[in-house]
**Q** 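What follows is a single structure, and I will ask about it in a moment.
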Amino acid sequence: MRNISRPLKTGKSLGNDDWFSSQLLDWYGFNKRHLPWRETKDPFKIWLSEIILQQTRVNQGMPYYLKFIASYQTVQDFAQANLDDILKLWQGLGYYSRARNMHQCANAVMNHFGGNFPDNYAELQKLKGIGKYTAAAIASICFGEAVPTVDGNVFRVMARLFGIAEDIAKTSTFKVFFDRAKTLMPAGHSGDFNQAMMEFGAMICTPKSPECATCMFETHCFAKSKGLIDSLPVKSKNVKVRHRYFNYYVYTHEGQVLIRQRSEGDIWTGLFEFDIEETKKSLKSSSFEGGKLEYSSSEMVHQLTHQKLHLRFHVYEMRSQKALVQVGEAKQMLMVSRERIGDYAVPKPIELFLNNEFCR
DNA sequence: CTCCGGAAGG
DNA sequence: CCTTCCGGAG
């Protein structure tokens, strides 16, 4: 990438008229990454990319964006798709409610807006999965509306440059950043300005070890001059991790296996898994008497922000096909062949088990 | 291990 | 206002 950071003219201050935005847009023009969703203003593609990029870095989201665009060219295609197929494409990306909300959103666009996304900030926010951030992204990029996208990057860039020390975890702080960002937006360039702010936060003003040496705002940056780079933005946190113990029972017979779709109200809604017994304390050794225990895996740990999952897999070989069918009916499970498990969306640790231990 | 991050639901 | 939803990077 070219480094086009330029020294600042003297006598200018950040946030003064459009000096800040012209510097930022200049930097963006030379240094932006050329990403597929930056080649279009199609609301469907912008919507898709923005939902994928929520809580997800570009490098991780890219293959998913390409898969989705290859499978669904329009919001109509997406709306008509089967939710299970969408979840399968989404597998591994996390926060699966995003995929379910997208399906609802696409159907609302078809049924209430004639297949066209609404063209403004307020209406966009009425759609499932579209909040203030995504509505601002679509409204500014696709329709030129002057609304700022305040995401983690924007919080960080502005908190550091301007020395805004309000706690970004508090809801009320959002308006402080939103209003300030809006005053900085250059007329007629809201989409590029928003993308430039976020790109700058992702490439230069990063959470850890930002590239202050190549930053064109270095000499005017509040945090840099005060030595507060590592303490801005201010973000309170209250993380208490809950331990959970998932005992999985994998019932098999001659290449057939039983799986079940997870219901609402917990993690991994809509994804498939094996028969599960959740225990309070530690994992159980084994408990199923209906088949021959072939194998028990070692404990697998899967760390989420608020949960630490302890998983163990017990593989049982049933005596007969009939026995397997009976268990499946009793436990309301679906019988599939090992080769077809890949057609179903599964959580990350199940995918790891399948790839590393079960289907080898 | 810790940290990061939009939207929904309570 | 607070908590929950997920996986990857450092």
Side-chain angles (χ1 to χ4, degrees), chain A residues 46-64 87 90-105 108 121 124-139 147-157 159-160 166-175 177-178 194 197-198 201-203 205-210 229-244 246 262-271 273 300-311 345-352 355:
Chain A
I46 299 300
W47 167 71
L48 176 64
S49 68
E50 291 297 342
I51 303 289
I52 288 175
L53 263 30
Q54 290 169 6
Q55 294 87 34
T56 305
R57 286 179 173 50
V58 165
N59 286 342
Q60 189 196 359
M62 178 74 82
Y64 287 87
L87 280 172
W90 199 271
Q91 176 178 312
L93 205 49
Y95 286 132
Y96 298 93
S97 62
R98 287 184 288 172
R100 291 181 280 114
N101 288 339
M102 280 184 90
H103 197 227
Q104 284 188 48
C105 175
Y121 183 62
L124 283 162
Q125 281 180 74
K126 295 177 182 172
L127 294 165
K128 267 286 187 193
I130 298 184
K132 290 174 183 303
Y133 166 78
T134 308
I138 297 172
V147 278
T149 50
V150 181
D151 74 342
N153 291 305
V154 174
F155 273 130
R156 191 170 57 252
V157 170
R160 286 175 176 167
E166 266 118 317
D167 183 357
I168 66 167
K170 292 194 181 305
T171 316
S172 53
T173 302
F174 178 88
K175 185 174 163 48
F177 283 78
F178 183 93
N194 282 334
M197 286 282 278
M198 296 187 283
M203 307 294 293
C205 198
T206 51
K208 306 284 181 196
S209 313
I229 290 290
D230 291 329
S231 31
L232 288 172
V234 175
K235 184 178 184 181
S236 63
K237 51 182 178 291
N238 185 18
V239 277
K240 48 177 192 295
V241 177
R242 169 182 165 217
H243 288 257
R244 302 179 71 181
F246 287 5
R262 286 180 69 89
S263 48
E264 285 183 57
D266 198 355
I267 61 172
W268 302 331
T269 296
L271 274 62
E273 63 183 359
M300 185 186 292
V301 174
H302 189 69
Q303 179 81 51
L304 306 176
T305 299
H306 296 279
Q307 298 185 26
K308 186 165 182 169
L309 309 180
H310 304 256
L311 309 96
V346 298
K348 200 67 184 178
I350 304 252
E351 182 189 348
L352 288 174
N355 291 340

**Q** If you go through the side-chain atoms of A:Gln54, does one of them form a donor-acceptor pair with the base of B:dG5 closer than 3.5 Å?
**A** no
**Q** Which residues pass the side-chain hydrogen bond (donor to acceptor under 3.5 Å, both in side chains) test with A:Gln125, sequence neighbours left out?
**A** none
**Q** Rounded to the Å, how far apart are A:Phe155 CZ and B:dG5 P?
**A** 9 Å
**Q** Only counting residues at least two apart or in another chain, list the ones meeting salt bridge (charged side-chain N to carboxylate O under 4.0 Å, His left out) with A:Glu166.
**A** none
**Q** Between A:Leu271 (CG) and C:dC5 (P), how many Å, whole number?
**A** 14 Å
**Q** Hey, is the side chain of A:Tyr133 poking within less than 4.0 Å of OP1 or OP2 on B:dG5, counting only N and O atoms?
**A** no
**Q** Going from CD1 on A:Ile51 to OH on A:Tyr133, what distance comes out if it is rounded to the nearest 0.5 angstrom?
**A** 9.5 Å
**Q** Once side-chain hydrogen bond (donor to acceptor under 3.5 Å, both in side chains) is applied, do any residues pair with A:Arg262, and if so which ones, sequence neighbours excluded?
**A** A:Asp266, A:Glu273
**Q** Is there a donor-acceptor contact under 3.5 Å from the side chain of A:Thr173 to the main chain of A:Asp167?
**A** yes
**Q** Do we see a donor-acceptor contact under 3.5 Å between the side chains of A:Asn101 and A:Arg98?
**A** no
**Q** Hey, what are the protein-to-nucleotides 8-10 of chain C N/O distances that come in under 3.5 Å?
**A**
residue : atom : partner  : partner atom : Å
C:dG8   : OP1  : A:Lys348 : NZ           : 3.3

**Q** Using nucleotides 8-10 of chain B, report all nitrogen or oxygen pairs with the protein that are shorter than 3.5 Å.
**A**
residue : atom : partner  : partner atom : Å
B:dA8   : OP1  : A:Gly129 : N            : 2.4
B:dG9   : OP1  : A:Lys128 : NZ           : 3.1

**Q** Considering only B:dC4, C:dG7, C:dC5, which nucleotide approaches the side chain of A:Trp268 most closely?
**A** C:dG7
**Q** What residues, two or more places apart in sequence or in another chain, satisfy side-chain hydrogen bond (donor to acceptor under 3.5 Å, both in side chains) together with A:Arg160?
**A** none
**Q** Would you indicate, yes or no, if C:dC1 has its OP1 or OP2 atom less than 4.0 angstrom from a side-chain nitrogen or oxygen of A:Thr171?
**A** yes
**Q** A:Trp90 versus A:Met102: any side-chain heavy-atom pair under 4.5 Å?
**A** yes
**Q** Are A:Lys235 and B:dC3 close enough that a side-chain N or O sits under 4.0 Å from OP1 or OP2?
**A** no
**Q** Counting side-chain heavy atoms from C-beta on, which of B:dC4, C:dG7, B:dC1 comes nearest to A:Arg156?
**A** B:dC4
